[in-house]
Structures are given as C-alpha cells and as structure tokens.
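Here is the structure we will look at, set down as structure tokens.
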Amino acid sequence: MKVVIYSSHGFDRPYLETALSPKYESVFFEEKLDLHTAQYADGAGAVALFTSDTANAAILEQLHTLGIKYIALRSAGYDHVDLVKAKQLNIRVANVPAYSPYSVAEHAVAMLMAVNRKIVLSQKLMDIGDYRLDLLTGFDLFGKTVGVIGTGNIGAAFARIMLGFGCTVLANDPSKNEALQNLGLQYVSLDEMYARADVISVHCPLNEHTSYLLSGEAFDKMKKGVTIVNTSRGKIIDTAALIKALDAGIVQAAALDVYEFEKAFFFHDLRGQRLQDELFLRLRSYPNVLITGHQAFLTKEALAGIAATTAGNLDSWGSAGSSENDLW
Ligand code: NAD
C-alpha cells in the first residue's frame, strides 16, 4: 500500500522510513495537509498526519474522493481531525495513544525549571560578559504546590516528577489515578487548584470542554504569582487573557511549548521573514515567558515509538480491518 506522509521533517523521516519499509511505499512531503496538498494523496490507500496537518470536513471529502481509507495520526492528540466526518466517510482514523510520556513530561519540567531559574537569561547575560546575579533569582520547587490538569500518561509522569521534587501535587481529571493518589497526589476542583497552586501545568486534551479552559475568569481565580506551563495544546489557553494576567502580575511566568495559532508558522523555516502574528510577538516580548516550538515530544525514544505505532496501525488495518488505536 502507498502511504503519503504529510508534514514530515528531517527529525522524524528516518524513523518513519525504518518503520514503514519495505512493507509500504512511503511518499514524504514537508508540506502540511490542506485543500491544495490533499491531491498529493492520489493513488495512496493511507495518509499519515502530524499535529500541524488539518483534516477538516472539506479536506476529508477530498481524501475520500481520492480513495483514502486510512488516516494514521503520528500524534496522541487528535483535535485536528473531524472524527464525525471521517466516520461518515468510512475513513478509519487511529492515533498513537502512548509514546514515551516522559518525553513531554520531562520537557515540561525542563521548561518550568528554565523559566523559574532564568537559565536562558543567564546565558544571554554571560554572552555579553555580565556575570552579575541580580536578575536571576528563582524559587525552590521543594515545598511548593503544583497543579496538574489531566493525569493521563503525560500528566501522571509529570506529577511523579513533581512529587519527587518534594512538591504538594493537586490534580484535576474526571478519571482518577489511584496509584498517584497512593503517592500523595490529591484530586481537587479547578477552583481549589487555582486558589492554592504556585505552578499549574496543563496535560489534558483539547476538546470542546477544554478549549480556553484557562481564560480570564480562570486566571482571576489563581493565586497571585502562579507559573503556568502548557505542553498540551495552545487553544487550551486564551492567549490574550494570559497576556492580561501577566500584565496584572497574576501570572509570574509562563512556559509554553504550544500556542493557539501555532499552525501558521511552527515547524517552518521563516528566517528572514517578518512574523505577522502580533499576539505571538507580544507574548515573546515578555522576559518571563519561555516558548518552545512544539518540541516537547522530540526525543529519540518518542520518535521511534511514534513510527512503530504508526506502522502497527497500518498493519492492523491491512490484516484485520481495524486497529486497537482506532478513534471511531
Ligand atoms: P491521555 O489521554 O493519556 O491523558 C489525558 C488526560 O486528560 C486523561 O486522563 C483525561 O481523563 C484527562 N482529561 C480529559 N478532559 C479533561 C478535563 N476537562 N479536565 C481535566 N482532565 C481532563 O493523553 P496524554 O498522552 O497524557 O497527552 C495529553 C495531551 O498532551 C494530548 O492530548 C496532547 O494534546 C498533548 N501532547 C503534546 C505533545 C507535545 O509535543 N507538546 C506531545 C504529545 C501530547
């Protein structure tokens, strides 16, 4: 079967080539899937998509017309696919539900530590010969209260690390993880978490319930001086409201691996071009906001896991017509 792989970059292509060959004829494109590039899938049975791709109703119709039967997502999140439409068109969709949750959890910790201990600023100062410490004071995580929204694979790994740091860990999730509770994690309402947490880290999926979960109303309930970490999905935070909360000093610092309008430019080489996104430029102007370009998953272990499960999903469709990771 021919598989068209969209949004493939230097970092993931070797892993996908190894996992898919020689069984599949893989054709790689750096471009993301859109109404125009959908035509690249002509003659294929499956497409493999990344978070930067969009499979909305119109694009799915087009893929269906071209004969696509399977969509293998190279991600855990599936908010970029219209699953209702895919089901109507009988296009199977599977994700990679779990691949090294440590990749994302450890990046969240790295970002939290970097923004708190001002690691980036310290390097910039050293680059210009300024060895003073006056701008670099952080806080101990030991003894602080950390809120975790979503204790699935990644949130649980993050919570365990925070417990290991000696933090009080509060969590909110409709399904409870008993093993974490046995380690001392407490499930609380969001309002209680907002009132008590010194750090809040987001690990729930993006859906109709979590879109703009962290809005102006939520920020107003938070303890003054909270640090926000988001390695989940950009749209879970209302960026304009975050900016207001930063200006008001409610949010002391933010560490963001995702941004609500990231699809327009993350993963692309825009060197020499002026970025048009004023909201993002504003966010970047804050010395207490650390942003990475959706790279939390980027470890060798995660890339190998994503490629292996993508190939496994295609194998299952070929042999049984369904896969254990099917989303409908
Ligand atoms: P998971 O499905 O294992 O866990 C998600 C958890 O969120 C579940 O326990 C679920 O019950 C909980 N949840 C759902 N709705 C909630 C709500 N309204 N409030 C609180 N909790 C809620 O998923 P995971 O593997 O831990 O991944 C979490 C998210 O991380 C993904 O959905 C994806 O958006 C994001 N992600 C980001 C990257 C990255 O590179 N930045 C990589 C992988 C995943």
Side-chain angles (χ1 to χ4, degrees), residues 1-33 37-38 40-41 43-55 63 68-81 83 86 91-108 110 152-154 157 203 205 231-233 257-258 262-263 266-269 292-328:
M1 180 167 64
K2 179 172 156 185
V3 182
V4 168
I5 296 130
Y6 287 94
S7 297
S8 171
H9 300 281
F11 64 80
D12 65 353
R13 184 169 171 159
Y15 293 90
L16 289 161
E17 279 174 342
T18 304
L20 295 175
S21 70
K23 207 166 176 182
Y24 300 97
E25 182 199 341
S26 351
V27 184
F28 291 84
F29 292 101
E30 286 219 359
E31 291 108 307
K32 58 188 170 195
L33 172 65
T37 60
Y40 298 171
V47 294
L49 306 184
F50 193 49
T51 50
S52 42
D53 296 310
T54 302
L63 291 176
I68 294 300
K69 293 191 172 51
Y70 307 114
I71 297 180
L73 300 179
R74 303 177 341 254
S75 59
Y78 46 85
D79 48 274
H80 50 309
V81 181
L83 288 178
I91 300 176
R92 286 265 161 207
V93 185
N95 68 340
V96 180
Y99 60 86
S100 177
Y102 313 106
S103 62
V104 182
E106 290 174 14
H107 190 78
N153 291 307
I154 296 168
H203 299 287
T231 55
S232 190
R233 285 289 181 268
D257 184 52
V258 285
E262 68 180 49
K263 274 194 182 178
F266 273 17
F267 306 120
H268 296 288
D269 181 0
T292 51
H294 204 141
Q295 70 175 71
F297 67 97
L298 203 60
T299 67
K300 293 173 188 169
E301 293 80 1
L303 291 169
I306 291 168
T309 305
T310 301
N313 289 340
L314 291 165
D315 290 350
S316 302
W317 285 328
S319 60
S322 65
S323 140
E324 61 173 346
N325 299 321
D326 280 354
L327 294 168
W328 65 263

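Position 1 is the first residue of the sequence; numbering continues from there.
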(message) When you measure from the side chain of Lys32 to the backbone of Lys263, do you find a donor-acceptor pair of N or O atoms at a distance under 3.5 Å?
(response) yes

(request) Determine the minimum heavy-atom distance between Asp257 and Phe266, stating which atoms define it. (result) O-CE2, 3.9 Å

(request) Quick one: pull up CZ in Phe11 and CG in Leu303 and give me the separation to the nearest 0.5 Å. (result) 7.0 Å

(request) State, to 0.1 Å, how close Gly77 and Arg233 come at their nearest heavy-atom pair, and which atoms those are. (result) CA-NH2, 3.4 Å

(request) Taking atom types as modelled, find out whether Tyr40 and Glu31 have a side-chain donor-acceptor pair closer than 3.5 angstrom. (result) yes

(request) Would you mind reporting whether Asn95 and Val81 have side-chain heavy atoms less than 4.5 Å apart? (result) no

(request) Give, for atom CG of Asn325 and atom OG of Ser316, the distance between the pair rounded to the nearest 0.5 Å. (result) 7.5 Å

(message) Could you walk me through whether His80 and Phe50 satisfy the side chain to side chain contact (heavy atoms under 4.5 Å, CB included) test, starting with their C-alpha distance in whole Å, then the side-chain angles of each, then the deciding distance to 0.1 Å, before giving a yes or no?
(response) CA-CA 9 Å; His80 50 309; Phe50 193 49; over 6 Å; no

(request) In sequence, state the C-alpha distance, the side-chain angles, and the governing distance for Val93 and Leu73, and then conclude on side chain to side chain contact (heavy atoms under 4.5 Å, CB included). (result) CA-CA 7 Å; Val93 185; Leu73 300 179; 3.9 Å; yes

(request) Taking all heavy atoms of Ile68 and all of Ala44, pick out the closest pair and write down the distance. (result) CD1-O, 3.4 Å

(message) Do Lys69 and Trp317 have side chains that approach each other closer than 4.5 Å (heavy atoms only, starting at C-beta)?
(response) no

(request) For Lys2, look at atom NZ and say whether over 12 heavy atoms of other residues, nucleotides or ligands are found less than 6.0 Å away. (result) yes

(message) Does Tyr6 have more than 12 heavy atoms from other residues, nucleotides or ligands lying within 6.0 Å of its OH?
(response) yes

(message) Quiz question: by atom type and distance under 3.5 Å, do the side chains of Ser75 and Thr51 form a donor-acceptor pair?
(response) no

(request) With the side chain counted from C-beta on, respond yes when Phe29 and Thr37 share a heavy-atom pair under 4.5 Å apart, and no when they do not. (result) no

(request) Would you name the heavy atoms of Ala48 and Thr310 that are closest together and state the gap between them? (result) CB-CG2, 4.5 Å

(message) To check you understand the geometry: which heavy-atom pair defines the closest contact between Tyr78 and Ala76, and what is its length?
(response) CD2-O, 3.5 Å

(request) Check for a donor-acceptor pair, side chain of Ser100 on one end and backbone N or O of Ser103 on the other, with a separation under 3.5 Å. (result) yes

(message) Do His107 and Thr231 pair up side chain to side chain, a donor and an acceptor below 3.5 Å, judged on atom types alone?
(response) no

(message) A side-chain contact here means heavy atoms from C-beta on lying under 4.5 Å apart; do Ile5 and Leu16 qualify?
(response) yes

(message) Check the orientation of Tyr99 and Phe297. Use parallel for under 30°, tilted for 30 to 60°, and perpendicular for over 60°.
(response) perpendicular

(request) Only pairs at least two apart or in different chains count here, so list each salt bridge (Lys or Arg N to Asp or Glu O under 4.0 Å) that has a residue in residues 316-328. (result) Arg92-Asp326

(message) Taking Ala72's backbone N and O only, do any of them form a donor-acceptor pair with Asn313's side chain (distance below 3.5 Å, no angle check)?
(response) no

(message) To the closest 0.5 Å, what do you measure between OG (Ser322) and CH2 (Trp328)?
(response) 10.0 Å

(request) Compare all side-chain heavy atoms of Tyr24 with those of Asp315 and state whether any distance is below 4.5 angstrom. (result) yes

(request) Taking atom OH of Tyr102 as the centre, report whether more than 12 heavy atoms of other residues, nucleotides or ligands fall under 6.0 Å from it. (result) no

(message) Contact between Leu33 and Leu63 at the side-chain level, heavy atoms closer than 4.5 Å - yes or no?
(response) yes

(message) If I compare all heavy atoms of Ala157 with all of Ala105, which pair ends up nearest, and what's the gap?
(response) CB-CB, 3.6 Å

